Protein chains: 2
Amino acid sequence: MTMNATGGRRRPPTIHDVAREAGVSRGTVSRVLNGGHYVSPAAEEAVNAAIRKTGYVVNRHARSLITGRSDSVGFLLTEPQERFFEDPNFNVLLRGCTQALAAHDIPLLLMLAGTPDERRRIMRYITAGHVDGVLLVSSHSGDPVADELRDAGVPLVACGKPIGRASKMSYVAADDRDGARDMVRHLLSLGRRRVGTVTGPLDTPGGVERLAGYREVLAGEGIEVDERLIASGDYSRAGGEAAATRLLAQAPDLDAVFVASDLMAQGVLTALHRADRRVPQDIAVGGFDDSPAALSARPELTTVRQPWDRISAEMVRVLLAQIGGEDPAAVILPTELVIRGSA
Amino acid sequence: MTMNATGGRRRPPTIHDVAREAGVSRGTVSRVLNGGHYVSPAAEEAVNAAIRKTGYVVNRHARSLITGRSDSVGFLLTEPQERFFEDPNFNVLLRGCTQALAAHDIPLLLMLAGTPDERRRIMRYITAGHVDGVLLVSSHSGDPVADELRDAGVPLVACGKPIGRASKMSYVAADDRDGARDMVRHLLSLGRRRVGTVTGPLDTPGGVERLAGYREVLAGEGIEVDERLIASGDYSRAGGEAAATRLLAQAPDLDAVFVASDLMAQGVLTALHRADRRVPQDIAVGGFDDSPAALSARPELTTVRQPWDRISAEMVRVLLAQIGGEDPAAVILPTELVIRGSA
DNA sequence: CTGAAAGCGCTTACAG
DNA sequence: CTGAAAGCGCTTACAG
């Protein structure tokens, strides 16, 4: 039983075969391939017929060699690996971006750079031009990769507002602050008066903005913010659990909590369950994301939906525009309150 | 504020620049790049110094154009999208493969083909040679993609034994049957006598083999298999929940259940909880996979660990060997019983 | 609108 | 061991 790499693969047809079949020059075939400008209708038709007949598919390597473009895009995740697999948000984003790119016939290269070592290798790979642009997924602002890529002139769009350098970098984000406001208002409308919050890391836009929304609503209602009602988390389930435990100790009269991510909210539910607090009767819990974690929680989470489909579609749109020469752009998308069993 | 695609990118150095710097011909530089054969030590050293000095990185498109290889590998998932995001196993596998390939400096192209339409487009892409080989992840044997790829001569390795055509196709799998035997023996060792099972889909190797292991152990113990103790699932959480509900109705005296995946086991726990059966006191529950789902379950799942790291590493190893011209190979890896709270 | 020609950056026989 | 040369499949000014 022999089977090698070239096994059943025939030599694929080239532009030359198409030209011969169509009775035109290779230049004309190429023009048809690249938009059909300066080509007579007759020639165009002959070429298209020849393409169908030969089953021709352009050789991207040859094309890239001359155009200097790779016709592929990188999806770069600079979080530690665990986060990627723990947090369903990344999955949703990855799928959305893959699909949006597929519509343009552009393959997505998945790049995982959790360690400084991996980051270096991948930076080299990217800056060598193996990818036309990068979809950057990383929540922390301390991340140097974003700056490095921008300085290298690599088209780039971040998911979430890059703290401190937004004006020079494209990004797509949900309206974090507004979503937080909706949730806190909802909790208050339930009659809760001791509303706490578990924040995201405060070096991330989600951490900062969702907390800001929380403060705004309380201030607007004339409720003084009690700092004992605020605990910070790290977007992990375990972090949420620990934060809730602290909250319970600092403010035993807590009757609601807005948690800055669904995954942390799962941890919060675990902590409340252990402390024999019923949800939502004793303590109402609101999440953020509407990730799959919201539905797998018990009770199912009332949460703030981030429009992941639109976020990924916009990231791709903005990136392709930038690769095409356009200036960077920021896109802010509205969120939606989703009410389920937890609040 | 202007910033375009070519912004900060300089024209990268070519092999020509390196040759000039090193005072040798381009051919010699190329030889150093490709293994250093037929190159004098002096020349090699000069070239390496020149590479460092110029920061040269090979242009893969030019290389691919002549070698006919793309130096990249596809990770093809033919499951419906939802499954990919619901089941943590895929994530673990994806990460493992990405890392194993990264060690060879080979990028992984993520390909999601959940619909017939996407499958067609991706098949075209792959058979056009844009990828040197594919890592195929799909649990169902009805999947035509595997055959199509093999017939097209594309180097291929499947995750899990492809039912009915294993002899002609590379695959890497855990020893499903043996893992199932370990788990059922464990449940019996706990003194349970009415041990049921929730199987995977019976057109998947995991569905068939894990059920076979279950039957074998019972037969070995002289226990007649009661078909009312067997319910089939679809590897989804909801499927596990439904199967457990059926089991409870058919065999109310159930005192243990071996579930063919951790994710389904989560659903089983939900159903048992609803039926007021305590785990593990009333009913012991054993899972399969040792995926992240095992740890997020309450109680944490006793399960059968699939060695995901090794599975992905072996998949990559076998694929690269095959791309290099070797014959297909099958690799079976041992599992390990992991005891936690649920049984 | 179209063809002939140059050239993208690299690898690989071919002579030496 | 090494250089000169051909050529991978395509795109794009350049003439017509």
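Throughout, protein chains are lettered first and strands after them, A, B, ... in sequence-line order, and every chain is numbered starting at 1. Excluded from the calculations below are hydrogen atoms, water molecules and symmetry mates; all remaining heavy atoms, backbone and side chain alike, are included. The structure presented is a predicted model; accordingly, all values stated were derived computationally and were not measured.
Ranked by how close their nearest DNA chain D nucleotide is to the 5' end, B/S25 and A/L33 are led by B/S25. Residue order along DNA chain D, read from the 5' end via each residue's closest nucleotide, puts B/T28 first among B/I66 and B/T28.
The main-chain N or O of A/A329 is found under 3.5 Å from a side-chain atom of A/S170 such that the two form a donor-acceptor pair. Without hydrogens or angle criteria, A/T54 side chain to A/A50 main chain gives a donor-acceptor distance under 3.5 Å. Listed for the B/D132 side chain is a donor-acceptor partner under 3.5 Å among the backbone atoms of B/S70. Without hydrogens or angle criteria, A/D17 side chain to A/T14 main chain gives a donor-acceptor distance under 3.5 Å.
The outermost nucleotides of DNA chain D lying under 4.0 Å from heavy atoms of chain B, listed 5' to 3', are D/dC1 to D/dG9.
B/P13 and B/Y56 get closest at one heavy-atom pair: O-CD1, 3.3 Å.
For A/A321, the side-chain contact (heavy atoms from CB on, under 4.5 Å) test picks out A/E326, with sequence neighbours left out.
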Per-nucleotide pairing state of DNA chain C [Watson-Crick or G-U, under 3.5 Å; [ ] pseudoknot-crossing; | other strand]: |||.||||||||.|||
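The residue B/V58 sits close only to the backbone: its heavy atoms come under 4.0 Å of sugar-phosphate atoms, none of a base. A/S30 comes within contact range of at least one nucleobase, with a heavy-atom separation under 4.0 Å.
Between A/H130 and B/H61, the ring planes lie perpendicular to each other; the angle is over 60°, past the 30° to 60° tilted range.
Considering only heavy atoms from C-beta on, B/M111 comes within 4.5 Å of B/V131 through its side chain.
Atom name P, nucleotides C/dG16 and C/dT12: the rounded distance is 22 Å, in whole Å.
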